[in-house]
Amino acid sequence: MITVTHNPSYSLQHPQDVLDNTTTGQSSKGLKRRKRDWIIPPINFPENDRGPFPKPMVQIRSSRDKEVQIQYSITGPGADLDPKRLFIVDRITGWLSVTQPLDREGKDKYKLFAHAVAVGDGKTEGPMEIVINVIDQNDNKPEFTKDTFLGSVPESSPKGFEFMKVTAVDKDEPGSANSDIRYTLVSQDPQQPTANMFFLNPSTGRIQLHSDGLDRETEFRPQEDLILLFMYFLFQKYPKYTLIIQAADMVGEGLSNTATAIITVTDSNDNAPEFHPSDYTATVPENKVGAVVVKMTVTDGDEPHTPAWSTTYKIIQGNDGGFFNVSTGPSKLEGIITTAKGLDFEKTRQYTLLVIVENDAPFATRLPTSTATVTVNVEDVNEAPIFNPVEKVVVRPENLAVGADLIAYTATDPDTAKNQKIVYRTGNDPAGWLNVSKETGLIKVRSPMDRESPFVKNGRYQATILAIDNNDIPATGTGTLLIELEDVNDNAPIIEERKITVCNQDSQPVLLSVTDKDGPGFAAPFRVDLQGSSKNNWTARMDDTKTGIILKLKTKLERSRYNVVLRVYDNQGLFSDNTVNANLKQGTVLLPRLGLWVYYWDVDQIHRMVTFDVQVLCDEAGFMGRGSNRKEKITMVTMVTHKPRLHPHNHLREGDNITLRQSVSSPFAQIFPVLVFPQSSGGLSRKKRDWVIPPITIPENDRGSFPKAVVQIRSSNARTMEITYSVTGPGAEQPPEGLFTIGKRSGMLFVTRPLDREKKDSYVLMAHAVAVGVGQAEEPMELIIRVMDQNDNKPEFTHNPFLGHVFEGALPESNFMKVVAVDKDDPSTDNGIIRYKILSQDPEQPSPNLFTINPVSGTVSVAAAGLDRETYPEYKLIIEAADMEGKGLSTTCTALITVTDSNDNAPQFVNTTYSGSVHENMRDEVVVKIRATDRDEPHTPAWSSKYTIIKGNERGLFSIRTGPDNMEGIISTAKGLDFENESKHTLLVTVENDAPFASRLPTSTATVTVNVEDVNEAPVFNKTPATGTGTLIVDLDDVNDNAPTIDQREVSICNKEPDPALLTVTDADGPGNAGPFNVELRGESRTNWTAKVNSTNGGMIHLSLKRKLDQGDYHVVMRIYDAGMHFQESTILAEVCHCKGSVSTCIRQPPSRQTAVPLPISVLGAVLGLLCLFCDQQCWFVWLIGLYCDQQCWVVWLIVLVLLLLMFLRRRSRPMKEEPLLHDDVRDNLYYYDEEGGGEEDQEYDLSQLHRGLDNRPDIFRNDVAPTLMPALPYRPQPDENEEIGKFIKDNLMAADNDPTTPPYDSLLVFDYEGGGSEAGSLSSLNSFSSGEDQDYECLAEWGPRFRKLAHMYCSGEDCDSDTLPCKVEWV
């Protein structure tokens, strides 16, 4: 039999592979289950598995499951302990499953115990330990230890100089590629003087200087050199650099993160300081020490407040006597010269000093040193007397008698020429021991001196003596007298500690300190004696130094306070008695594990040394001071015995007593015992199991070292015979050969190099065990090796770049393109799941978030309104695709989006006024060319233009057409102009595009002035009276005489989750009489529809469905109110489509149609059916199968066909009956004339004569266009209740007839000025001028049946009367 031992570093199983092994005895894909002396291998399971959950991992089988029914269970952390139910087991089958994704960074290993119980007999096998290893996935980005790293580099540093380091860590498994970080320098700002100023070590993160050229500053003085100022701005220096550094795992190919490194270029001393100015003159009084002579200022071009900028000064000439000092001022750019000694006017009256300045840091290069010259003039002053010496020392015994002479201490006056007198006084005599003679300076003892006085320091007493001259302004000199007092034995020793605390039994000795105010020779060594009853209970002796007393309790005393009297002697026998108050108590301790509880201890035996933290509390008389407490780490050796009141698991509980017998000598250790905690027993032993061997899983791209052990194969016969092992199959002796090897003796299976799942995801090997000298020891065993996917492939875009187009008028959420990326990693894991996002948009106007991308599908859509082709015709998006659901490896592509044109720009005239001249009587003469511009895409219908003359061409004198380039309007004369009638014409011209506007846009207009040039015309007879004209301009104040209207009369909307239809509201009135608008639904429209005014755009109404309607057309009636509550009801035809969301194409399900059979075919079918009845059975049958009928049957068929043909021909030849005249349906061509004249049929007639008559009649209102000042009549949208429908129709018909705003518009022509003498002449056709020729009345017959009848009435053949109704007349 064979035993398989898994190496813990491998054997991660694929979840599906476990399921392949559930069938007993069938092993075409999996392993046959065998009883094994099995060392249970760890079960390796990847973190972040996607499920579904619960997901089977492995099956546990008892070897008795064939004999009795076994129930399985598991215990341990992850089963019945926290985190509970992370793992579950099927009680019957033994399948172990995981219920949710695992996280290696949270917990990398679980230990469970499997239990098997026989149902009925209750026999239980020993628990089996199962180890579950959580295999790492690359799910953590590297994290920099700092967001911003700060570093500095001197500007004079050489190339290769290393000056800082960045560090990142990765939470993934150490030692794997998932946590193998590489660093990359992403960007450098600024990029001057070169873009590669720095080098980043990819492995260590250390940053080096890669190029020369660092320069923190440029020195210039613009007031001195304008060229340097120009050079400064031309070559600016850079004192700071910002680096963006990326850290990526997977050896730089995996997840990444960035951090910022800010590098400060520190100053190198490449600029020498300079004096400004370089010459100084000062005056100083003599004898004054520390007097400021002069302050010298300097400048330095290096970085302020650095050693290369701060300055130091030296006097290199003129200071031979050391009379002067020079120091640096607080600003660091100032040299201050002071007097180091008092100057003597009598000796030297002037000094000349030469001073140099340098920096604290040495110069980086050879630089010139700046110097300054300082002239110091000495000023004569009254000088104080001088003691010689200034400090005088005398030695005297401390018991010198009062009145005794000490010393004569005198001074001399340096102003020898003045011959001044000196008097002496005591300056500072702190103890009052001295008296000085005023005239002679003799000093005597005034009071007894004491060497132990606090005024004596180190055996010396210091006093000052004053010498004062008699000048008008007296000067005072000071001398110091040091009296060194010789000691005498005049002080007994004393004990410092007067209160102590000790234990009342087995107490430790207490050390008492002894002091003596006398000096050496009269103090230590000391002696001590106990006095009185203290000798009975205490012992006292001197320590080894003879300066401390060791006091110890000799007998056990009750807890109380006791006075101990000790006599202490110095080395001369001088003594004093000292009383020490001793407080006898028991100690207290606070144990850190047991909380703030008090315990009492005895010691039995020494056990072990323990170190732990405790808190010691002392009362007001304790050795740690009054009211103090502190924490100490104590190391003790002590004996511990546990009393019977202990927990069964041998752990101390609160309240347990432990006795203390002996402790260490530390003063703190006496109250701290050491606790012993017993150790738990070992783990569970291995058991035999009938184990379903899972496939062995090896992660791809393992880092080795190779060969690496995978699993061990062992035969149970190896204990009795020598076994050799081998493996066969692809990867062993078959290609790829040598990928897997096995130890012949050990049975250890090895992998020799990294695996690649993308090349081959599984290997099936056969393991063989052969006994040496015997032959095959075991049947070959199948081993399945799965290669587990690692995230080692970035997503790859199918194209780069992607090209897309979007209309500039596209609404938000409009999809217009899609990007696609693929990943070679396992698509069933996070490694192959891709998410998309937009990294950047160029340009970022008018909004940086104009587009959005579906993170799952990659569909790009419009996110916000504002696309404008004329402003930004193209956008470039950088799109990232990242696996691990957007958190893993990433790659980018470019999406180029072209904004296609919509007619959202109205053409504009280049100029608003034009003028031209033309000769009178010239026809088709070009008057002027007017140009327009359009921002829409050139050479499209939205760009090309067309022109209309909307005013000034009422008589049709001019025509306008579009020029060849489609952006030019050409005005020509349509008729000859008459200079005498009108010498100037003013035209108003509009321009539009060939394509309609995408939205409401203002129309551009231009005014064209045409000057008519006079030509020499032939004389004509003209009786037409002259007419003068005047222009009246009326400014009209707006009133609320127009109700708001809806531009759209038809809309389409979906019947499922519809997007609202947008309706535009307009009002002809001006501001104040128009918006804001309100809307309400009328009648039945309230039931199915909702309408509301847009809150942001008050001129827009959102129309939407309340509930789902069947497809079809519906009339929606709305009442729109303006700001003055003037309203009008509008009816919208709403087309409900079978769709969802917004309407792209309206789907109308057609009604079912029944095929109608034409009547002749039906009759023919019936006749044929009857004829077939006459045929015999044989003929009917033969007709069905297409064989021969007999002669009689064919004759009948032939006769029927002939009859039908004759009927058809007779119907074709039958004449049509002419209907009576009154029923003639005459449909003549109808021509619409926007105004009188101008139609295609009337171009040869001058209809302007009819209009002329109105020019002199302003009281006559003529309106042949839509009136602008007349309100529309109200219409009734629906009949009232119980109202007859006929009355409802009649009322609305009358309203329509009387509505002046409904086309066709009324035109009023007045013909009250005609006939003889008028410009139009006679308008009567009966009296029209005739040439006298015979009239052809037959022409009326060509005008239709009705006029044909009229022609016959006036003229019939030869009886035509030429004097009756003429045919050829000129109609006006």
Between [Y] and [X], do the side chains contain a donor N or O and an acceptor N or O under 3.5 Å apart?
| X | Y | value |
| --- | --- | --- |
| Thr338 | Asn325 | no |
| Asn269 | Asn359 | yes |
| Asp830 | Asn48 | no |
| Thr829 | Asp826 | no |
| Asp249 | Asn138 | yes |

Review point. Is the charged tip of Lys240 near the ring of Tyr238: under 6.0 Å from the six-membered ring centre and within 45° of its axis?
Key: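 So Lys240 doesn't make the cation-pi contact.
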Got a list of side-chain donor-acceptor pairs under 3.5 Å for residues 142-149, not counting sequence neighbours?
residue, atom, partner, partner atom, Å
Thr145, OG1, Thr167, O, 3.3

Exercise for review: Not counting sequence neighbours, which residues clear side chain to side chain donor-acceptor pair (under 3.5 Å) with Asp789? List them please.
Suggested key: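 Here the qualifying residues are Arg757, Asn831.
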Check your understanding: For Thr311, which residues count as a side chain to side chain donor-acceptor pair (under 3.5 Å) partner, sequence neighbours excluded?
Key ->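 By the side chain to side chain donor-acceptor pair (under 3.5 Å) rule, Thr311 matches Tyr313.
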Practice item. Run the salt-bridge test on Glu105 and Lys171 with the 4.0 Å N-O cut-off and return the result as yes or no. Key: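 Salt bridge flag = no for Lys171 with Glu105.
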Check your understanding: With a 4.5 Å limit on heavy-atom distance, are the side chains of Thr260 and Leu243 in contact?
Key ->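 They are not in side-chain contact.
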Review point. Does any non-hydrogen side-chain atom of Ser203 lie less than 4.5 Å from one of Arg182?
Key: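 With C-beta onward as the side chain, the pair touches.
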**Study point:** Of all pairs that satisfy salt bridge (Lys or Arg N to Asp or Glu O under 4.0 Å), the ones with a partner from residues 317-336, not counting sequence neighbours
**Key:**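 Sorted result for residues 317-336: empty, none.
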Practice item. Please collect all ring pair (Phe, Tyr, Trp, His ring centres under 6.0 Å) contacts where either partner lies in residues 247-267, sequence neighbours excluded, each pair once. Key: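 The answer is none; no pair qualifies.
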Exercise for review: Scan residues 155-179 for pairs that pass ring pair (Phe, Tyr, Trp, His ring centres under 6.0 Å), counting only residues two or more places apart or in two chains.
Suggested key: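 As it turns out, the ring pair (Phe, Tyr, Trp, His ring centres under 6.0 Å) pairs with a partner in residues 155-179, which skip direct neighbours, are Phe163-Phe198.
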